[in-house]
Amino acid sequence: MIAYIDPQSYRNLSIYDYNLLSNMEQDIHYFCSKYYDYLDLPQNIRKHNVFKYNKINNVVLKAISYMFSYIMLAFWIIRMKPDIVHVQWFRIERFDYIVLKIIKKITKTKIVFTAHNILPHNSADKYHGIYEKIYNFVDAIIVHTSDTKKKIVEKFNVSDSKIFVIQHGLLKINVDEKEYERLKPEFEQKYNLENKIVFTSLGEQSMYKGVDVIAEVWLTTPQLANNPKCSLLIVGKCKNIQLDNLNNIDNVVVDSRRISDEEFLFILRQTDVYLLTYRTISQSGAMLTALNEKVPILVTDVGGLTDPLKIAKVGWCVDKLTAEKLRQKMLEIIDNPENIEMIKNNQNEWNKIYQFYNWENISKQTIRLYHSLA
């Protein structure tokens with residue numbers, strides 16, 4: 001028996017869970033958020049909506065709700081004694097660690113953890129100590145790139161024999177196509193992107209994503225800022241970053257809010273170059289969403305961002321995030337717009353991407369790991 005736990009299983013994270021679980025043929029108990037909002041899962045995936053903390057605003061009440069849900073889940077695990085407990089995310093790391101230690105001591109179940117990131121975003125080394133304990137405690141760690149595996153071994157003194165590289169698959173946004181078509185004219189009028197080279201950064205905007213460098217490059221490069229054939233879209237909630245200096249640039253849109261899936265998909269489909277200028281990252285769901293829509297990417301050489309470029313010609317890379325290097329690459333792109341169309345229209349290259357990030361293969365690898373531990 002498998003118990004699969006994801007406290008954050010809504011929005012993009014529910015898409016990940018659906019794709020991984022729906023390609024598994026054995027019975028799995030899926031402990032998720034009551035706000036799970038993606039497609040219906042197959043009958044062999046038994047869904048338990050145990051987590052209710054996600055939309056509680058009060059920090060104390062949020063923590064209490066989360067801990068209560070986890071304790072109830074722990075009682076189920078102790079009673080049912082599954083062979084594998086697979087945890088996707090931690091929310092209160094020290095509490096989660098203690099609960100899982102108790103579970104393991106009582107049940108002897110094997111615990112698998114998927115390290116989507118080495119440490120939580122924007123946390124520096126604040127959580128290094130607790131993650132070192134977690135990484136050394138669990139029976140197996142799934143990572144999405146060889147780079148992540150190497151860094152966990154080096155930073156946390158973990159044996160590489162317990163770390164397994166299993167890709168993160170492509171992510172497809174699920175929208176009502178009729179609603180999308182109804183809203184499309186409104187979006188077209190709002191953004192006015194026809195016949196322009198569109199550079200885009202979508203989702204939460206923050207320093208670790210390098211959005212400040214994107215802004216600096218655009219502001220200090222007349223070939224971009226004064227070019228009516230280019231547009232820069234920075235759309236998504238700005239977190240601890242100020243982009244007011246872009247407000248007076250005619251070909252820039254900065255929209256600090258959470259947008260609908262329909263608007264997100266529209267922008268993605270109008271994008272010529274998706275900017276993934278991270279300072280640090282393990283793997284990017286944003287990148288995998290863009291690749292699913294055949295959007296060319298411009299990435300920094302960190303984590304697994306360059307992996308797609310090693311497989312197929314689907315974008316560009318800067319080896320280091322500096323304003324000068326990013327400027328050179330963006331100017332190279334706008335000076336050779338035919339390369340954008342070549343990338344978009346090369347189906348053979350995109351087929352390589354679809355095969356490499358294939359969910360069926362990813363699920364089979366995960367099941368094989370379960371069986372090796374049980």
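FYI, the numbering just counts along the sequence from 1.
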Relative to the ring of [Y], is the ring of [X] parallel (under 30°), tilted (30 to 60°) or perpendicular (over 60°)?
| X | Y | value |
| --- | --- | --- |
| Tyr53 | Tyr66 | perpendicular |
| Tyr30 | Tyr36 | perpendicular |
| Tyr135 | Phe156 | perpendicular |
| His116 | Tyr16 | perpendicular |
| His168 | His144 | perpendicular |

Verify the distance criterion only: is there a donor paired with an acceptor across the side chains of [X] and [Y] at less than 3.5 Å?
| X | Y | answer |
| --- | --- | --- |
| Thr220 | Glu216 | no |
| Gln347 | Lys294 | yes |
| Trp218 | Asn251 | yes |
| Thr148 | Thr145 | yes |
| Ser14 | Asp37 | yes |

Straight-line distance of [X] [atom1] to [Y] [atom2], nearest 0.5 Å:
| X | Y | atom1 | atom2 | answer |
| --- | --- | --- | --- | --- |
| Asn54 | Ser65 | CG | OG | 8.0 Å |
| Ser22 | Leu39 | OG | CG | 8.5 Å |
| Ile334 | Lys329 | CD1 | NZ | 13.5 Å |
| Thr322 | Glu324 | OG1 | CD | 6.5 Å |
| Ile353 | Leu288 | CD1 | CG | 9.5 Å |
| Gln8 | Arg11 | CD | CZ | 10.5 Å |

How about [X]: does its [atom1] atom have over 12 heavy atoms from other parts shown lying under 6.0 Å from it?
| X | atom1 | result |
| --- | --- | --- |
| Asp250 | CG | no |
| Lys52 | NZ | yes |
| Asp40 | CG | no |
| Asn248 | CG | no |
| Glu338 | CD | yes |
| Glu194 | CD | no |
| Glu25 | CD | no |
| Met342 | CE | no |

Which atom pair, heavy atoms only, marks the closest approach of [X] to [Y]?
| X | Y | value |
| --- | --- | --- |
| Leu224 | Leu331 | CG-CD2, 4.3 Å |
| Leu61 | Ile56 | CB-CG2, 3.9 Å |
| Val85 | Ile5 | CG1-CD1, 3.6 Å |
| Met330 | Leu298 | CG-CD2, 4.0 Å |
| Asn240 | Met207 | O-CG, 4.2 Å |
| Leu246 | Ala215 | CD1-CB, 3.8 Å |

Original post:
If only atom types and distance count, is the side chain of Asp6 paired as donor or acceptor with the main-chain N or O of Cys32 below 3.5 Å?
Top reply: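 Looks like no, no N/O pair under 3.5 Å.
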
**OP:** Show your working on side chain to side chain donor-acceptor pair (under 3.5 Å) between Glu93 and Tyr131 and close with a plain yes or no.
**Re:** CA-CA 8 Å; Glu93 284 85 355; Tyr131 272 91; 3.0 Å; yes

4.5 Å side-chain heavy-atom contact, [X] and [Y]:
| X | Y | answer |
| --- | --- | --- |
| Val211 | Thr277 | no |
| Ile92 | Tyr70 | no |
| His29 | Ile2 | no |
| Asp307 | Tyr357 | yes |
| Val273 | Thr200 | no |
| Ile267 | Val235 | yes |
| Thr300 | Cys317 | no |

**OP:** Determine, for Tyr35 and Lys55, whether the Lys NZ or Arg CZ falls below 6.0 Å from the six-membered ring centre while staying within 45 degrees of the axis.
**Re:**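 So Lys55 does make the cation-pi contact.
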
**OP:** Please find out if less than 6.0 Å separates the ring center of Tyr97 from that of Phe137.
**Re:**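 So the answer is yes for these two rings.
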
Original post:
For Phe31 and Tyr4, what are the C-alpha separation, side-chain angles and deciding distance, and is it a ring-ring contact (aromatic ring centres under 6.0 Å, His included)?
Top reply: CA-CA 6 Å; Phe31 295 90; Tyr4 179 105; 9.7 Å; no

[X] bridged to [Y] by N-O distance under 4.0 Å:
| X | Y | value |
| --- | --- | --- |
| Lys352 | Glu349 | yes |
| Lys190 | Glu186 | no |
| Asp147 | Lys150 | no |
| Arg257 | Asp255 | yes |
| Asp125 | Lys155 | yes |
| Asp319 | Lys325 | yes |
| Lys344 | Asp272 | yes |

Subject >> side chain to side chain contact (heavy atoms under 4.5 Å, CB included) between Val112 and Phe164, worked out >> reply: CA-CA 10 Å; Val112 178; Phe164 301 84; over 6 Å; no

Original post:
salt bridge (Lys or Arg N to Asp or Glu O under 4.0 Å) with Arg269: which of Glu262, Glu293, Glu263?
Top reply: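 With Arg269 as partner, salt bridge (Lys or Arg N to Asp or Glu O under 4.0 Å) holds for just one option, Glu293.
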
Subject >> Single-linkage hydrophobic cluster, 4.5 Å side-chain cutoff, Ile197 and Val217 together >> reply: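 Per the 4.5 Å side-chain linkage, Ile197 and Val217 are co-clustered.
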
**OP:** Applying salt bridge (Lys or Arg N to Asp or Glu O under 4.0 Å), run through Lys101 and Asp96 and close with a yes or a no.
**Re:** CA-CA 9 Å; Lys101 280 197 78 172; Asp96 298 337; over 6 Å; no

Original post:
Step by step, would you call Phe90 with Phe113 a ring-ring contact (aromatic ring centres under 6.0 Å, His included)?
Top reply: CA-CA 9 Å; Phe90 296 120; Phe113 173 56; 4.7 Å; yes

**OP:** Take Thr109 and Asp83 through the side chain to side chain contact (heavy atoms under 4.5 Å, CB included) test and state the conclusion after the steps.
**Re:** CA-CA 5 Å; Thr109 189; Asp83 301 300; 5.5 Å; no

**OP:** Kindly indicate, with the supporting measurements, whether the criterion side chain to side chain contact (heavy atoms under 4.5 Å, CB included) is fulfilled by Arg258 and Lys237.
**Re:** CA-CA 6 Å; Arg258 186 181 295 280; Lys237 195 71 176 174; 5.8 Å; no

